[in-house]
Amino acid sequence: MKLIYYNGFDLPDEGEAFKAIMPQAQVRRWQPGDAAPADYALVWKPPAEMLANRSDLKAIFNLGAGVDALMKMADRIPANVPIIRLEDAGMAEQMADYVSSAVLRYYRHLDDYQRQAMHQRWQPKWPASKQQFTVAVLGLGVLGRVIAKRLQQLQFPVLGWSRTKKNLDGVSCFSGDNELAACLAKARVVVCILPLTTQTTGILNRTTLSALPRSAYVINVGRGAHIVEEDLLALLQNGHLAGATLDVFQTEPLPSGHPLWQQHNVTITPHISAQTLLDDAYVQIAEKINRLDQGLPVSGVIDRNQGY
Ligand code: NAP
Ligand code: GLV
């Protein structure tokens, strides 16, 4: 079995660890011009040339959950080649940790105290009741559901929004574009964990963010292009929004001098809310290759019409 490998992460691994999990695999690092036969491709943000017209591939495995980079080149990838994403593979726990720590930081005013301490100010605030600190999770897929569950365990009321209607224990579920504003209107915090598609690009803009109540918070762990950054900045500056925690940006790394760096009520992290754990990822991919080779179905196959 032959595998081609391209890893756009800044990580040293080039498929070596995969050979330990699947010794029968001949893994080669793809180089420009390599059109030699291959059974599978393992990729993160590859050049389109690597996958263009490769109808010999039995599947392409994305080394992450989001396939937006692959969808940009989907017209060059033969329609018969399934694109398969990572499902959790250690990311859901990381996401739940990241989002719940940001929600708790806002709920307990820890950002405010940090700012006060810079001026040696001692000024206690009383936290609102958790019942008044509702969190809306946009995206109720593999990661969004685990985030919602963790927030419920922390006793926050949780709302969820997805494309198709869901029925989740203890979560008030909304679906479809025409229920988004109603969901946001009830939320003190909105968490975006959507995939980036043509439908979700710019979904958090001046209109939708204005549907949040005054002094709401935004946490974006989906993709930068879900938010219209100029609209977010305007609403942070006019006080409609009290703060934002952003892990993803329209341009990454966030360019130096970008106004978001200067905005006092924005917390910035460098796209780390859930990182691919390569060992977990390789185990999941090896299991799926074994199933595919036996003619069995696998989960995580992208619906190219939906883009996720
Ligand atoms: P998933 O299992 O495919 O879940 C996607 C969810 O979004 C589903 O609930 C889906 O609705 C919903 N959705 C899609 N399009 C929608 C629309 N137009 N309107 C409303 N809801 C819509 O994906 P996942 O594994 O949870 O990952 C989600 C995203 O997280 C990834 O695509 C990636 O962009 C991002 N991510 C970020 C990081 C990071 O480090 N920042 C790490 C991993 C992933 P249905 O349930 O109805 O299909
Ligand atoms: C990371 O952003 C991923 O989509 O896995």
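Just so you know, ligand 1 is whichever comes first in the structure, and atom 1 is the first atom listed for that ligand. Predicted model only: the values in this text are computed from it and were never measured.
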Are any of the N or O atoms of Gln275 closer than 3.5 Å to those of ligand 1?
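By distance alone, the answer is no.
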
May I ask you to check whether Tyr308 has an N/O atom sitting below 3.5 Å from an N/O atom of ligand 1?
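Among all N and O atoms of Tyr308, at least one is under 3.5 Å from an N or O of ligand 1.
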
Please determine whether any non-hydrogen atom of Arg85 lies less than 4.0 Å from an atom of ligand 2.
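It does not, in that no heavy atom of Arg85 comes within the 4.0 Å cut-off of ligand 2.
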
Looking at ligand 2, does Gln275 have a heavy atom less than 4.0 Å from it?
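In this structure, Gln275 fails to qualify as a contact of ligand 2 - no heavy atom is under 4.0 Å.
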
For Ile147, the option from Val158, Asp97, Val137 that meets side chain to side chain contact (heavy atoms under 4.5 Å, CB included):
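Single pass found, and it is Val137.
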
Sub-4.5 Å side-chain heavy-atom contact between Ile84 and Asn62:
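Ile84 vs Asn62: side chains apart.
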
To the nearest 0.1 Å, how far is atom 2 (O) of ligand 2 from its closest protein heavy atom, and which atom is that?
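Of the protein heavy atoms, His271 NE2, 2.7 Å lies nearest.
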
Short N or O distance, [X] and ligand 2, threshold 3.5 Å exclusive:
| X | result |
| --- | --- |
| Trp44 | no |
| Ala274 | no |
| Ala65 | yes |
| Thr276 | no |

Are more than 12 heavy atoms, taken from residues, nucleotides or ligands other than Gln114, located less than 6.0 Å from that residue's CD atom?
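Check fails, neighbour count at 12 or below.
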
Heavy-atom count check: over 12 atoms from other residues, nucleotides or ligands less than 6.0 Å from Arg115 CZ?
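Atom CZ in Arg115 is crowded, with more than 12 foreign heavy atoms closer than 6.0 Å.
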
